Amino acid sequence: MADKPSLPRGTRDFGPAVMSKRLYIFDTIRAVFRQYGYMPLETPAMENLSVLTGKYGDEGDQLIFKILNSGNYLDGISDAQIAEGAKPLTKHIAEKALRYDLTVPFARFLAMNRNEVALPFRRYQMQPVWRADRPQKGRYREFYQCDADVAGTTSLICEAEIFGMIQQVFGQLGIKDYTIKFNHRGILAGLAELIGATGQEATMCVAIDKLDKIGKDGVTKELLDSGFSATAIDLLFELLDKPLSESDFGQSLTEKGFTIPTQLLTGLADLAQVLEIAESLGLDAKPLYFDLSLARGLSYYTGAIFEVKINGVQIGSVSGGGRYDNLTGLFGWPNVPGVGFSFGVDRLYDCLQELNLFPEAVLQSTQVLVANFDLEKSQPTGLKILAALRAAGHRAEIYPEPAKLKKQLGYADAKHIPLVILLGEDELSTNQCTIKNMFSGEQKQVPMSDVVAEVERTMVG
RNA sequence: GCGAUCGUAGCUCAGUCGGUUAGAGCGCCAGAUUGUGGUUCUGGAGGUCGUGGGUUCGAUCCCCAUCGUUCGCCCCA
């Protein structure tokens with residue numbers, strides 16, 4: 001036997017059954033993005049390495065998949081350079097790399113096309129990204145991101161509309177019980193200022209973000225290790241102590257006699273306005289929760305941040321995003337603000353699977369199979385019916401070789417084909433055909449001229 | 001980058017305290033049933049037990065290495 005083929009670790013094939021379900025999710029999301037005026041964008045799988053490095057921090061740079069130069073990539077490399085080790089050598093032998101996310105390529109695109117894009121520019125992008133990470137549960141080295149961003153506006157309408165898109169996508173996918181948690185980086189920065197840790201909000205945020213994972217003691221330890229004072233940490237937890245809403249939070253701070261930092265006030269005002277716009281848009285306020293402990297890891301967020309969790313399943317957040325001030329600055333186009341979010345398709349898939357929310361129709365590839373008893377005799381009629389069904393817009397196929405009926409029906413069964421048209425001598429001689437419903441087992445003889453109409457009637461019922 | 005875990009049929013896994021010919025379920029193919037699938041029964045195909053080395057009279061089993069898997073930490077989606 002030849003060597004068994006295998007896949008690089010952290011990558012997957014998506015077979016037809018899985019793909020059908022994935023496409024259902026992609027199609028739903030795409031339709032909603034378009035409805036909100038977002039335009040499609042695709043960028044190359046590979047970027048110049050210099051575009052990607054330095055954007056994700058040291059750890060991120062390590063996780064970028066580099067592409068070895070073509071030809072003799074050691075040409076012009078001196079022994080001294082080799083002696084320096086792998087890291088400094090990388091940029092000489094690998095000039096290209098696989099994209100690590102969709103945000104940086106988007107920023108690169110904007111900077112390169114700044115004279116052509118009309119701001120505010122809304123784009124969505126659904127493509128795979130690659131990370132040279134160590135795979136584990138729910139983490140892959142190739143996975144899809146579904147991003148939608150709008151660049152060039154500070155309007156809070158965008159934030160509210162993102163909540164709208166999330167609600168619409170979830171509504172269409174049949175997900176009812178979910179929570180959209182939101183917070184604001186200004187509030188977190190203000191919080192840091194209040195506890196006398198100005199400038200250290202990044203460390204603070206990373207720690208807070210883990211609150212529900214490692215608990216209060218874990219966070220305390222991590223902050224102490226990072227050099228926060230015990231009094232600052234106590235104060236932090238006092239402030240974090242579960243305010244009900246963003247307005248209650250502001251109020252409770254005033255009652256406790258704190259002088260509220262400006263950026264905190266701005267954050268609170270922003271969030272209040274987002275909620276107001278959301279209400280005007282007719283959004284459901286129930287899933288929206290202000291959560292002061294939400295921090296999100298990504299450091300480039302500067303305004304509102306949010307994250308979506310589906311309740312009742314043990315799966316992390318399925319969507320998240322936020323506002324940032326300076327998307328394209330690294331590519332030489334300063335002061336372009338933006339806000340964006342993305343859906344985690346793989347996790348959404350797991351949720352729908354667990355909640356059993358994929359519609360039966362998603363699994364059906366072909367709607368009608370034309371079967372035959374004697375291919376030679378029934379072929380002309382079969383092809384005619386096939387063409388008529390396709391012309392009427394139905395997905396139809398003919399069983400292409402002579403085989404026992406048992407096998408043909410088994411094929412229909414395996415492929416979840418709901419209707420089978422049987423063509424044998426009896427049918428041909430009376431100019432009729434038999435339509436079999438594979439779910440109920442019912443059969444019906446109809447005249448050839450009525451086949452399409454009967455198929456349509458059966459599919460509706 | 002660190003720490004574990006597991007590699008036996010297409011899939012999920014048993015098993016041999018080291019001993020002739022390595023098993024089951026599911027799946028696949030065929031028949032029972034030459035015009036009827038998803039149920040049932042019968043039969044069949046399919047494995048150098050991840051790879052390389054060592055110990056041994058003898059290794060799928062013990063030891064070492066290597067590759068791969070899965071999971072936790074870091075980080076992240």
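Fair warning: this is a prediction, and the values are worked out from it, not measured in the lab. Residue numbering restarts at 1 for every chain, and letters A, B, ... go by the order of the sequence lines.
Straight-line distance between the C1' atoms of B/C71 and B/C64: roughly 25 Å, to the nearest whole Å. Taking the C1' atoms as reference points, B/C62 lies 8 Å from B/G18, given to the whole Å. Distance noted for atom C1' between B/G46 and B/A22: 14 Å (whole Å). The separation of B/A59 from B/U21, taken at their P atoms, amounts to 12 Å, rounded to a whole angstrom. For the P atoms, the distance linking B/C61 with B/U34 amounts to 49 Å, nearest Å. Nucleotides B/G7 and B/G15 are separated by 16 Å at their C1' atoms, to the nearest Å. Remark: the separation of the P atoms in B/G68 and B/C29 is 34 Å, to the nearest Å. Annotation: B/U51 and B/U8 have their C1' atoms spaced 15 Å apart (nearest Å).
Among all heavy-atom pairs drawn from A/F343 and A/F341, the shortest one is CE1-CE1, 3.5 Å. Summarising the geometry of A/Q172 relative to A/Y24, their closest heavy-atom pair is O-OH, 3.7 Å, with the distance given to 0.1 Å.
Enclosure of atom CE in A/M448 by more than 12 non-hydrogen atoms of other residues, nucleotides or ligands within 6.0 angstrom is indicated. Counting non-hydrogen atoms of neighbouring residues, nucleotides and ligands closer than 6.0 angstrom, the CD1 atom of A/I157 reaches no more than 12 such neighbours.
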Strictly under 3.5 Å: I want the nitrogen or oxygen pairs between protein and nucleotides 39-43 of chain B, one per line.
none

Polar atom pairs between nucleotides 1-5 of chain B and protein, under 3.5 Å, N or O only, would you list them?
| from | atom 1 | to | atom 2 | distance (Å) |
| --- | --- | --- | --- | --- |
| B/C2 | N4 | A/R134 | NH1 | 3.1 |

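A/A278 meets the side chain to side chain contact (heavy atoms under 4.5 Å, CB included) test with A/A160, A/L283; sequence neighbours excluded.
Ion pairing of A/R108 with A/E47 is present here, as a side-chain N (NZ or NE/NH1/NH2) and a carboxylate O approach within less than 4.0 Å. Between A/K137 and A/D350 there is no salt bridge, since none of the side-chain N atoms of the basic residue sits less than 4.0 Å from a carboxylate O of the acidic one. A salt bridge between A/D27 and A/R30 is present, with a side-chain N of the basic residue lying under 4.0 Å from a carboxylate O of the acidic one. A/K66 and A/E95 are not joined by a salt bridge, as no carboxylate oxygen comes within less than 4.0 angstrom of a charged side-chain nitrogen. Salt bridge annotation for A/D270-A/R323: absent, with no cationic side-chain nitrogen under 4.0 angstrom from a carboxylate oxygen.
Within 4.0 Å of A/G60, counting heavy atoms only, lies no atom of the nucleic acid at all. As judged by a 4.0 angstrom heavy-atom cut-off over every strand, A/E307 is placed among residues making no nucleic acid contact. The residue A/Q408 sits apart from the nucleic acid: no heavy atom pair falls under 4.0 Å. The residue A/Y140 sits close to a base: some heavy atom pair falls under 4.0 Å. At a threshold of 4.0 angstrom between heavy atoms, the contacts of A/Y56 with the nucleic acid are absent. At the heavy-atom level, A/Q443 lies under 4.0 Å from base atoms of the strands shown.
When the nucleotides B/C76, B/U36, B/G35 are ranked by their closest atom to the side chain of A/E425, B/G35 comes out on top. Nearest nucleotide to the A/F143 side chain, out of B/U36, B/G68, B/A77: B/A77. Of the candidate nucleotides B/C76, B/C71, B/G35, B/C76 has the atom lying nearest to any side-chain atom of A/R139.
Across every strand in view, B/C73 sits in a pair with B/G1 that passes the Watson-Crick or G-U test at under 3.5 angstrom. Of the nucleotides present, B/U51 is the one that pairs with B/A65 by Watson-Crick or G-U wobble criteria, both distances under 3.5 Å. Both distances falling under 3.5 Å, in either a Watson-Crick or a G-U wobble arrangement, place B/C28 opposite B/G44.
When rounded to the nearest whole Å, the span between CZ of A/R141 and P of B/C76 equals 19 Å. With rounding to whole Å, A/L405 atom CG is found 14 Å from B/G38 atom C1'. Atom NZ in A/K377 sits about 13 Å away from atom C1' in B/G35, given to the nearest Å. At whole-Å resolution of the value, CZ in A/R99 and P in B/C76 are 21 Å apart. Atom C1' of nucleotide B/A77 and atom CE of A/M126 are separated by 16 Å, given to the nearest angstrom. Distance A/K407 NZ to B/G35 C1': 17 Å, rounded to the nearest Å. Look at NZ on A/K137: it is 17 Å from C1' on B/C76, rounded to the nearest Å. The nearest whole Å value for the distance from the CD1 atom in A/I421 to the C1' atom in B/G37 is 17 Å.
A distance below 6.0 Å separates the ring centres of A/Y349 and A/F358. Aromatic pair A/F33/A/Y124: ring centres closer than 6.0 Å.
Donor-acceptor pairing under 3.5 Å, judged by distance alone, is absent between the side chain of A/D413 and the base of B/G38.
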Distance-only criterion, 3.5 Å: show the donor-acceptor pairs between side-chain atoms of residues 437-444 of chain A and protein atoms not counting sequence neighbours.
| from | atom 1 | to | atom 2 | distance (Å) |
| --- | --- | --- | --- | --- |
| A/N437 | OD1 | A/F439 | N | 2.8 |
| A/N437 | OD1 | A/S440 | N | 3.2 |
| A/S440 | OG | A/E442 | N | 3.2 |
| A/S440 | OG | A/E442 | OE2 | 3.4 |
| A/Q443 | OE1 | A/K436 | NZ | 3.3 |
| A/K444 | NZ | A/E454 | OE2 | 3.2 |

Would you list the atom pairs, donor with acceptor, under 3.5 Å between side chains in residues 372-383 of chain A and any protein atom, with sequence neighbours excluded?
| from | atom 1 | to | atom 2 | distance (Å) |
| --- | --- | --- | --- | --- |
| A/N372 | ND2 | A/Y399 | O | 3.2 |
| A/D374 | OD1 | A/E376 | N | 3.3 |
| A/S378 | OG | A/D374 | O | 3.0 |

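Between A/P135 and A/L422, it is A/L422 whose nearest contact on RNA chain B lies nearer the 5' terminus. Where A/D426 and A/G10 each meet RNA chain B at their nearest nucleotide, the meeting point lying more 5' is that of A/D426.
Regarding contacts with the backbone of B/G31, a side-chain N or O of A/K404 is found under 4.0 angstrom from either OP1 or OP2.
A heavy atom lying under 4.0 Å from RNA chain B marks the following residues of residues 341-373 of chain A, by number: A/R347, A/F373.
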